[in-house]
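All values derive from a computational prediction rather than experimental measurement.
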Amino acid sequence: MAAEPNQHQSPDAGGQPLQRILMWEGYETLIRDGSKRQTVRYQDPFVPGPAEIVFEKDSGEDVVIGAEVTGVRTVRRDELSEQDAVRDGFESLAQLQAALDRHYPDMPGGSAVDIVAFELARP
């Protein structure tokens with residue numbers, strides 16, 4: 001059974017389902033300064049279209065940034081490249097792999113992952 005994209009209706013999306021990309025609060029600065037332009041997801045599907053990036057803070061506050069998913073590419077985890085790591089805001093593939101281990105501790109090494117590219121909405 002395929003997982004459904006994480007979507008909800010929003011008046012700002014012109015009637016299109018608005019995808020919620022949940023992010024660890026530690027990535028907020030990297031996303032805001034443009035260093036992180038994609039996210040690697042496991043069993044968390046997205047499609048090109050309107051989105052919002054949601055940082056769930058330890059304080060309980062949510063910070064939301066408008067965005068657009070510009071592309072989704074599926075690869076095996078062991079096919080991720082150094083270039084993928086840099087676009088994801090990491091200095092090396094080893095750092096990206098370590099982050100995947102933290103975020104998805106039960107994900108097998110050869111699993112399919114989605115590389116979700118995004119752009120921040122213009123104010």
Side-chain angles (χ1 to χ4, degrees):
M1 174 186 215
E4 291 295 318
N6 185 1
Q7 300 178 345
H8 74 280
Q9 288 300 117
S10 170
D12 297 335
Q16 289 185 313
L18 185 63
Q19 303 170 97
R20 293 175 57 89
I21 306 171
L22 301 179
M23 290 278 187
W24 172 60
E25 68 180 307
Y27 295 140
E28 184 176 358
T29 300
L30 294 171
I31 289 172
R32 287 187 185 277
D33 74 13
S35 300
K36 181 174 178 64
R37 301 179 311 273
Q38 70 181 29
T39 182
V40 177
R41 297 299 168 120
Y42 175 61
Q43 297 180 338
D44 188 14
F46 290 91
V47 296
E52 59 186 14
I53 298 172
V54 180
F55 301 96
E56 297 176 318
K57 305 280 189 163
D58 287 339
S59 67
E61 171 192 18
D62 285 352
V63 173
V64 179
I65 301 173
E68 179 87 11
V69 173
T70 58
V72 179
R73 181 170 52 100
T74 303
V75 300
R76 284 193 345 248
R77 179 180 175 172
D78 56 7
E79 294 174 329
L80 290 167
S81 68
E82 291 286 338
Q83 187 176 25
D84 292 324
V86 170
R87 280 193 298 256
D88 210 295
F90 296 94
E91 292 181 9
S92 69
L93 180 57
Q95 286 182 346
L96 171 59
Q97 292 288 359
L100 290 173
D101 288 339
R102 278 191 313 277
H103 295 306
Y104 303 107
D106 298 325
M107 178 177 41
S111 296
V113 295
D114 290 329
I115 300 171
V116 180
F118 57 82
E119 293 179 1
L120 298 185
R122 297 179 189 254

For R20, does its backbone N or O pair with a side-chain atom of E52 as donor and acceptor, under 3.5 Å?
-> no
Between OG1 of T70 and CZ of R37, what distance do you get to the nearest 0.5 Å?
-> 10.0 Å
Are D101 and R77 ion-paired here, with the side-chain N under 4.0 Å from a carboxylate O?
-> yes
Might you work through the side-chain contact (heavy atoms from CB on, under 4.5 Å) test for Q43 and M107, ending with a clear yes or no?
-> CA-CA 10 Å; Q43 297 180 338; M107 178 177 41; over 6 Å; no
Rounded to the nearest 0.5 Å, how far apart are CG of L22 and CG of D44?
-> 7.5 Å
Value rounded to 0.5 Å, distance of CD in E68 from CD in Q19 = 8.5 Å
Common cluster, V86/L100, ILVMFWY with side-chain heavy-atom separation under 4.5 Å | no
Start with the C-alpha distance between V63 and R32, add both sets of side-chain angles, then the distance that settles side-chain contact (heavy atoms from CB on, under 4.5 Å), and finish with yes or no.
-> CA-CA 12 Å; V63 173; R32 287 187 185 277; 3.5 Å; yes
Which distance, rounded to the nearest 0.5 Å, do you find between the CG of D58 and the CH2 of W24?
-> 9.5 Å
Start with the C-alpha gap between V72 and V47, add the side-chain angles, then the distance that decides, and say whether side-chain contact (heavy atoms from CB on, under 4.5 Å) holds.
-> CA-CA 6 Å; V72 179; V47 296; 5.6 Å; no
Under 3.5 Å donor-acceptor, D88 side chain and L96 backbone | no
Nearest non-hydrogen partners of G110 and D78, listed with the distance | CA-OD2, 4.2 Å
Sub-3.5 Å donor-acceptor pair from the side chain of Q95 to the main-chain atoms of A85, do we have one?
-> no
What is the minimum heavy-atom distance between H103 and Y27, and which atoms define it?
-> NE2-OH, 2.8 Å
Exercise: identify the closest heavy-atom pair between E25 and F55 = CA-CD2, 4.1 Å
Heavy-atom closest contact (A112 atom, Y42 atom, distance) | O-CD1, 3.6 Å
Rounded to the nearest 0.5 Å, how far does OG of S81 lie from CZ of R87?
-> 6.0 Å
Is the CD atom of E119 crowded by more than 12 outside heavy atoms at less than 6.0 Å?
-> no
Taking all non-hydrogen atoms of both residues into account, name the closest pair between L18 and A51 and its distance.
-> CD1-N, 3.3 Å
Using modelled atom types only, decide if a donor and an acceptor are shared between the side chain of Q38 and the backbone of D84 within a distance under 3.5 Å.
-> yes
Approximate separation, where rounding is to 0.5 Å, of I53 CD1 and F118 CZ = 4.0 Å
